[in-house]
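Heads up: numbering here begins at 1 and tracks the sequence.
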Amino acid sequence: MERHSIILRYILLGILFSVPSFLYGGIRNDSLVLERMFCYRRNYACEIEDTTTNIYLKLAINTNRRNFTLMCVPTLFHVAHGDRDYITENYGKVKFKDIKHYDLKSQIYVSTIPHGSSTMSVMRKYIVPNIYGIALFDDQILSPFHRANRVYYRYTISEVSPGNHLITFKPRNNNTQLIRGFAIVQSPTGRIQHARLQGEYDMLNFDIQTFFDEIADDRLAILPRKCVINTTFKFLGNDLRSKYTALLGCENTLPDSLDRSADMKLLSEIRPIPLDSTERNIYLKFFTPSVAPDTLASVSKKKNNIGKIAWDIVEDKMLSSIRGENDKGYFKFSPIINPEYITYSNSRGLAYKFTLGAQYNFNEKRRINFNSRTGYNFKIKQFYFDNRLHFDFNPKRNGWLELKVANGNRINNSSVLDLLNEQHRDTVDFSTLNLDYFNDNQYELSCNIAVTDQFEVMPSIIYHHRTAVDKEAMIDTGQPTTYDGFATSLTLKYQPFRSWPFFSLNYERCIDGVFGSNMEYERWELDASYLRRYSSLKRFNARFGGGFYTNKSTTYFIDYNNFHEDYIPGGWDDDWSGEFQLLHSRWYNASNYYLRLNVSYDSPMLIISHLPLAGRIMEAERLYFSFAQLEKTRAYFEIGYGFTTRYISLAFFGSFLNTEFVRFGTKFSFELFRKW
């Protein structure tokens with residue numbers, strides 16, 4: 001009896017020990033599937049480099065509700081009136097530099113949208129989701145299929161069939177950078193076969209389904225074979241639904257030169273998926289009833305009237321970007337009326353800008369492009385422009401030649417006032433005038449070449465033509481109204497490794513008597529910039545530099561390359577993290593030397609983003625710290641906090657001299673539809 005009790009005791013102990021092992025084994029199996037999914041790209045897939053494949057795109061748009069405000073949304077003017085249903089089809093090639101950078105070449109394009117205008121172009125970034133990357137779409141939306149983002153999601157794993165598991169995921173926080181959905185994953189390899197992604201970002205509520213096929217080419221293993229994007233756009237009472245279908249790896253390869261007069265006929269022969277009844281009805285309503293849609297290229301069913309033509313001109317020229325492109329190049333012009341180009345800060349005031357760009361490709365290695373940035377600053381009531389003609393002659397060695405024509409930034413120097421006050425002591429109070437302000441027209445010719453993979457050299461020729469803002473007052477005081485300076489410059493650039501800071505050393509010398517130059521100086525500047533990207537779209541940005549003047553025969557116009565006022569600031573990703581926001585413009589040109597440090601830290605979820613209501617619209621947050629040491633002043637500090645949403649970017653700053661608080665300021669810019 002005692003023997004049986006001992007055996008029973010061992011059996012009970014075995015059961016007790018086996019239960020945790022069984023439970024642990026189940027958890028471990030689920031974790032193993034998740035781990036294999038995280039490692040699939042590293043273990044099985046190759047990176048996409050210089051890969052070209054055929055692509056078919058189809059966009060169907062239905063407008064449920066609309067009002068006049070829809071005309072203000074970029075690319076939606078033509079669907080704001082007229083028909084409520086439209087369709088576009090596109091067949092061509094897509095060339096991948098990598099999974100995040102690719103070029104679409106359209107070979108067949110058919111559209112029922114008036115003038116064949118591009119509509120809902122923002123959806124193009126969704127056609128190739130970077131499933132296994134940190135961000136799904138162009139540094140947006142944290143992917144639940146990347147290990148670094150695991151802390152932001154909750155996962156549920158279950159077996160649906162032998163060798164296949166269902167992984168469902170949902171965000172831990174209600175944030176616009178997070179999504180919900182599921183994926184069917186192969187258990188042995190972790191390869192995703194099908195995934196559904198649901199979320200909301202930049203005014204679009206999206207539902208994306210991706211399908212991956214078994215393919216022999218490992219370079220295409222991380223690309224979806226088919227992607228179907230359903231979106232809902234609601235804005236000020238407007239309700240617009242769209243369906244975007246993308247098929248990669250289509251069989252039919254078209255020649256580079258095609259007869260574009262028969263697009264519809266050719267498309268009907270090679271279309272990889274048939275049209276449904278709704279899509280066919282859209283074509284039937286658009287094309288003339290007497291001709292079958294499969295044989296007609298582009299005949300509108302309605303005649304344009306004068307009013308419609310006038311509205312089209314307003315939309316095409318004022319509210320929408322103007323763009324044209326072909327195999328040799330492109331040109332683009334930003335909308336003339338666009339709220340997103342308005343920025344404001346306490347120090348710079350209100351500014352508005354627009355851009356122009358064009359490029360011509362001579363061949364794969366040589367191209368020329370022109371970029372112009374023009375703006376108006378309402379604080380000082382002046383137009384500014386920065387025009388650059390850039391020629392790439394050796395991309396392998398970063399060889400380029402650039403001509404820059406700009407009217408620069410308004411420059412001042414207290415030494416002008418000091419001289420005038422000395423000459424006219426006790427007669428005029430010059431501090432109340434604008435005698436120390438000059439407009440600066442700048443012309444610069446630069447050439448750059450990489451001597452080695454780490455070291456680059458950039459010689460330049462620079463000419464400044466500065467004119468007094470208040471010319472009459474300068475004449476009355478017997479002072480010149482113009483100052484010219486001809487200078488040569490040499491910049492050395494060095495980056496030991498990709499993960500290291502980027503260093504630059506600049507030497508500039510102005511020569512008296514050359515081309516009317518009446519100035520002479522030598523200037524040195526050292527600059528180091530460092531950008532470190534962390535997991536989950538976190539980013540650390542730092543910039544440190546200094547400069548000083550030597551051999552200066554005149555005290556006019558202290559003007560640094562890396563430390564100056566910019567009256568045409570950019571948006572959130574342009575210059576917000578590398579400049580001083582509250583420093584008075586006089587201080588940029590009042591010191592014979594400077595030391596500066598600018599540090600910022602970005603995160604999609606830092607402070608406010610964790611709040612449920614704010615997280616729905618908050619896209620990123622940023623912390624700022626800046627330091628400057630100038631001649632004849634105490635150490636200057638700035639600290640700040642900012643965030644960007646789908647509507648605006650907003651930042652708050654405080655400035656200090658040593659530990660003494662100086663002032664508080666803000667900066668904002670419109671972000672609504674900036675990415676559209």
Return the orientation label for the Tyr636 and Phe580 ring planes: parallel under 30°, perpendicular over 60°, tilted otherwise. tilted

Do you know which of Tyr201, Phe643, Tyr647 makes side chain to side chain contact (heavy atoms under 4.5 Å, CB included) with Ile617? Tyr647

Assert yes or no for the condition that the ring centre distance of Tyr601 to Phe540 is strictly below 6.0 Å. no

Under a 3.5 Å threshold, yes or no: a donor from one side chain and an acceptor from the other, between Asp512 and Ser517? no

Main-chain N/O of Asp559 paired with Tyr549 side-chain donor or acceptor, under 3.5 Å: yes

Could you go step by step and tell me if Arg646 and Asp202 meet the salt bridge (Lys or Arg N to Asp or Glu O under 4.0 Å) rule? CA-CA 5 Å; Arg646 64 186 63 171; Asp202 197 17; over 6 Å; no

Check the pair Glu456, Arg397 against salt bridge (Lys or Arg N to Asp or Glu O under 4.0 Å), reporting the backbone distance first and the verdict last. CA-CA 9 Å; Glu456 297 184 13; Arg397 283 297 178 187; over 6 Å; no

Nearest heavy-atom pair of Ile608 and Ala614: which atoms, and what distance? CG2-CB, 3.5 Å

When you measure from the side chain of Asp103 to the backbone N and O of Lys95, does any donor-acceptor pair fall under 3.5 Å? no

Donor-acceptor pair, distance only, cut-off 3.5 Å: does the side chain of Asp440 make one with the backbone of Arg466? no

Among Tyr624, Phe627, Phe653, Phe656, find the one that has a ring pair (Phe, Tyr, Trp, His ring centres under 6.0 Å) with Phe637. Phe627

Yes or no on side chain to side chain contact (heavy atoms under 4.5 Å, CB included) for Leu136 and His146, after CA distance, side-chain angles and deciding distance? CA-CA 10 Å; Leu136 287 169; His146 194 279; over 6 Å; no

Side-chain (Glu525) to main-chain (Asn561) donor-acceptor, under 3.5 angstrom: yes

CA sep, side-chain torsions, deciding dist, call: Asn598, Arg596, side-chain hydrogen bond (donor to acceptor under 3.5 Å, both in side chains): CA-CA 7 Å; Asn598 301 92; Arg596 56 91 62 91; 2.6 Å; yes

For the ring pair Phe137 and Tyr126, is the centre-to-centre distance below 6.0 Å? yes

Are Glu522 and Thr550 linked by a side-chain donor-acceptor pair shorter than 3.5 Å? yes

With no hydrogens and no angle check, is any side-chain donor or acceptor of Ser143 less than 3.5 Å from a backbone partner on Ile131? yes

Check whether the side chains of Asp392 and Asn394 place a donor and an acceptor atom closer than 3.5 Å, and report yes or no. no

Exercise: do Glu631 and Thr633 side chains pair donor with acceptor under 3.5 Å: no

Between Gln581 and Glu579, does any side-chain donor sit less than 3.5 Å from a side-chain acceptor? no

Given His390, which of Glu402, Lys404, Gln359, Arg367 fulfils the side-chain hydrogen bond (donor to acceptor under 3.5 Å, both in side chains) condition? Glu402

Assess whether salt bridge (Lys or Arg N to Asp or Glu O under 4.0 Å) is satisfied between Arg539 and Asp139, documenting all intermediate values. CA-CA 11 Å; Arg539 183 174 61 183; Asp139 290 338; over 6 Å; no

Determine whether the side chains of Ser489 and Asn506 contain a donor N or O and an acceptor N or O closer than 3.5 Å. yes

Is atom CZ of Phe661 surrounded by more than 12 heavy atoms (other residues, nucleotides or ligands) closer than 6.0 Å? yes

Begin from the C-alpha positions of Leu606 and Arg622 and carry the test side chain to side chain contact (heavy atoms under 4.5 Å, CB included) through to its verdict. CA-CA 8 Å; Leu606 191 63; Arg622 180 179 292 161; over 6 Å; no

Expected output: side-chain Asn407 to main-chain Phe383 donor-acceptor under 3.5 Å: yes

Exceeds 12 heavy-atom contacts within 6.0 angstrom, atom CZ of Arg616: no

Would you check if the side chain of Gln177 reaches a backbone N or O of Ile141 as a donor-acceptor pair within less than 3.5 Å? yes

Minimum heavy-atom distance between Leu630 and Tyr593, given as atom pair plus value: O-OH, 3.8 Å

Going by atom types only, do His101 and Asp98 share a side-chain donor-acceptor pair under 3.5 Å? yes

Could you tell me whether the side chain of Glu638 and the main chain of Leu583 form a donor-acceptor pair under 3.5 Å? yes

Any chance you could lay out the side-chain hydrogen bond (donor to acceptor under 3.5 Å, both in side chains) test for Asn149 and Ser536, step after step, and finish with the verdict? CA-CA 6 Å; Asn149 302 328; Ser536 305; 2.6 Å; yes

When rounded to the nearest 0.5 angstrom, what distance separates CZ in Phe385 from OG1 in Thr374? 8.0 Å

For the pair Tyr507 and Trp524, name the ring-plane relationship: parallel under 30°, tilted 30 to 60°, perpendicular over 60°. tilted

Any chance you could lay out the side-chain hydrogen bond (donor to acceptor under 3.5 Å, both in side chains) test for Asn371 and Asn369, step after step, and finish with the verdict? CA-CA 7 Å; Asn371 289 289; Asn369 59 67; 3.3 Å; yes

Does a sphere of radius 6.0 Å around NZ in Lys100 hold more than 12 heavy atoms from other residues, nucleotides or ligands, not counting ones at 6.0 Å or beyond? no

Mark yes or no for whether Arg663, through its side chain, and Gly654, through its backbone, hold a donor-acceptor pair below 3.5 Å. no

Ser504 side-chain N/O to Lys493 backbone N/O, donor-acceptor pair under 3.5 Å: no

Check whether the side chains of Glu621 and Tyr641 place a donor and an acceptor atom closer than 3.5 Å, and report yes or no. yes

If you apply the rule ring pair (Phe, Tyr, Trp, His ring centres under 6.0 Å), what do you find for Phe38 with Phe145, and how did you get there? CA-CA 6 Å; Phe38 292 148; Phe145 310 113; 8.6 Å; no

So, do Tyr153 and Ile179 sit near enough that their side-chain heavy atoms are less than 4.5 Å apart? yes

Worked verdict on Phe503 versus Asp527 for side chain to side chain contact (heavy atoms under 4.5 Å, CB included): CA-CA 6 Å; Phe503 300 94; Asp527 192 73; over 6 Å; no

Give me the ring orientation class for Tyr594 and Tyr560: parallel if the planes are under 30° apart, tilted from 30 to 60°, perpendicular past 60°. perpendicular

Taking it one step at a time, do Thr176 and Leu178 satisfy side chain to side chain contact (heavy atoms under 4.5 Å, CB included)? CA-CA 5 Å; Thr176 189; Leu178 304 177; over 6 Å; no

Is the distance between the ring centroids of Tyr360 and Phe362 under 6.0 Å? yes

Nearest 0.5 Å, what's the CD1-CD distance between Ile462 and Glu444? 4.0 Å

